[in-house]
Amino acid sequence: MAGTFIGVGVGPGDPELITLKAVKALKAAEVICVPKSHAKKPSMALGMVKHILAEREHPAEILELVFPMTKDELNNRKLWVENAAIVAAKAKKGNVAFITLGDPMLYSTFLYLYECVKETYPQLELEIIPGVTSVTAAAASAKLPLAEKEEVVTIMPSDLDPALIEDAAKHADNLVFMKCAHHIKEFIPILLKSGFNQDSTIALVKRCTLCEEKVLVGKISDVDGWDITEDYFSVAIVKKSQVPIHWKQNGKGCKNE
Ligand SMILES: C[S@@+](CC[C@H](N)C(=O)[O-])C[C@H]1O[C@@H](n2cnc3c(N)ncnc32)[C@H](O)[C@@H]1O
């Protein structure tokens, strides 16, 4: 019987932050698609669901799909078309679950493949299982509200054109920077031109909900003194207002470390 192509959000890292619906889908799917940026690099998403897959009675087929992080649109399109054909062929025999960090509908590799499958194989059933996104997980780790009352919150990638960051910052109360938010020091001059000030609250959360989690929270004026190391898995939250801070710096650690 033909199956469904399911985008499964597996949350930000903590295995307890995977939904019951995601667990059910991962235990039942014939094939688990694992996106990778490089064939030789381990998949963080797969690591996060290994304990669930280990509980299965019959092992699923693990299908690694490589999506290199390049801006070569032509080559990327070719890869999505190839991968869409593989997914469509596998889905003829049962459910194919594509695991994705956080939520599948937010800046995820799944979206490229999903659009391609939708367009090329309109007969294929599609389903999306939402996940806890790194945006809300980072806000929880930093203990900073993302938006209250009439506040406007804007989410953007860190490599956005500085003019667009400036424009967006003017119209928002709170900003969330994703994808390499460790570049936050570079954005401060832009933010100071857009209604933020030295007392505005800022948080940088790396590897949130994982053992290696690091949280820095303070005022914009503190950021210069922060020791920030490069990490793709970081989210920055900046608030125009100054809010009470619970702590300045911490590392999560894990019980079994
Ligand atoms: C391609 S986007 C995927 C976003 C994901 N779909 C989500 O809902 O969180 C990758 C970016 O998500 C953020 N991210 C994902 N997991 C994270 C984590 N555990 N800690 C911090 N940032 C994370 C980082 O900004 C990273 O550069």
Side-chain angles (χ1 to χ4, degrees), residues 6-19 21-22 25 33-38 41-50 65-71 76 79-80 83 97-115 127-144 146 153-160 165 168 174-187 202-217 226 228-238 249-254:
I6 315 170
V8 182
V10 299
D14 182 338
E16 292 187 355
L17 289 177
I18 298 179
T19 65
K21 199 170 177 111
C33 288
V34 181
K36 292 179 93 177
S37 58
H38 193 284
K41 273 195 181 168
S43 155
M44 190 156 145
L46 183 61
M48 281 157 51
V49 300
K50 273 217 158 116
L65 300 177
V66 178
F67 298 88
M69 284 203 238
T70 78
K71 294 202 170 162
N76 286 345
L79 268 175
W80 302 331
N83 286 334
F98 185 106
I99 52 173
T100 180
L101 285 179
D103 184 274
M105 303 312 258
L106 186 71
Y107 295 131
S108 105
T109 310
F110 167 74
L111 289 172
Y112 307 125
L113 191 57
Y114 169 74
E115 291 301 337
E127 186 185 348
I128 316 279
I129 300 182
V132 174
T133 162
S134 58
V135 175
T136 47
S141 292
K143 297 196 167 48
L144 283 185
L146 279 174
V153 56
T154 301
I155 302 173
M156 61 186 124
S158 304
D159 59 358
L160 197 65
I165 296 183
N174 304 317
L175 301 174
V176 179
F177 290 97
M178 300 185 73
K179 301 187 188 177
C180 303
H182 57 266
H183 288 301
I184 193 70
K185 284 187 188 178
E186 294 163 28
F187 313 141
I202 182 162
L204 179 66
V205 186
K206 287 188 183 187
R207 308 252 159 185
C208 64
T209 80
L210 290 157
C211 300
E212 321 87 86
E213 177 183 272
K214 283 275 179 293
V215 183
L216 288 155
V217 192
W226 285 358
I228 298 174
T229 48
E230 189 177 326
D231 197 331
Y232 175 72
F233 290 101
S234 48
V235 169
I237 300 170
V238 199
Q249 180 161 12
N250 95 319
K252 182 173 178 264
C254 277

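Each ligand, and each atom within it, is numbered from 1 in the order the structure gives. Quantities reported herein were computed from a predicted structural model and do not represent experimental measurements.
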Those atoms of ligand 1 less than 4.0 Å from some heavy atom in [X]:
X	value
L106	3 (C), 4 (C), 5 (C), 6 (N), 8 (O)
K179	24 (C), 25 (O), 26 (C), 27 (O)
G102	7 (C), 8 (O), 9 (O)
S234	21 (C), 22 (N), 24 (C), 25 (O)
D103	6 (N), 7 (C), 8 (O)
R207	19 (N), 20 (N), 21 (C)
T133	7 (C), 8 (O), 9 (O)
C208	18 (C), 19 (N), 20 (N), 21 (C)

Would you confirm whether [X], through its side chain, and [Y], through its main-chain N or O, come within 3.5 Å as a donor-acceptor pair?
X	Y	answer
D231	K206	no
T133	T136	no
S158	M178	yes
E213	T209	yes
K36	K41	yes

With the threshold set at under 4.0 angstrom, would you say T209 reaches ligand 1 through any of its heavy atoms?
no
Determine, for K179 against D159, whether the closest basic-nitrogen to carboxylate-oxygen distance falls under 4.0 angstrom.
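Judged by the 4.0 Å cut-off on N to carboxylate O distance, K179 and D159 do not form a salt bridge.
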What residue and atom, counting heavy atoms only, is the protein's closest point to [atom], and at what distance?
atom	value
atom 13 (C) of ligand 1	S134 OG, 3.3 Å
atom 12 (O) of ligand 1	M178 CE, 3.4 Å
atom 21 (C) of ligand 1	F233 O, 3.2 Å
atom 5 (C) of ligand 1	L101 O, 3.2 Å
atom 10 (C) of ligand 1	Y232 OH, 3.5 Å
atom 3 (C) of ligand 1	Y107 O, 3.4 Å
atom 19 (N) of ligand 1	P12 O, 2.8 Å

Consider every N or O of M44 and every N or O of ligand 1, then say whether any pair is closer than 3.5 Å.
no
Once you round to the nearest 0.5 Å, how far does CD1 of I129 lie from NZ of K21?
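Reported to 0.5 Å precision, the distance equals 6.0 Å.
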With a 6.0 Å cut-off on the ring centroids, do F67 and Y112 count as close?
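Distance test on ring centres: not under 6.0 Å, no.
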How about T229 and K214: does a side-chain donor come under 3.5 Å of a side-chain acceptor?
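Not at all, the side chains of T229 and K214 share no donor-acceptor pair under 3.5 Å.
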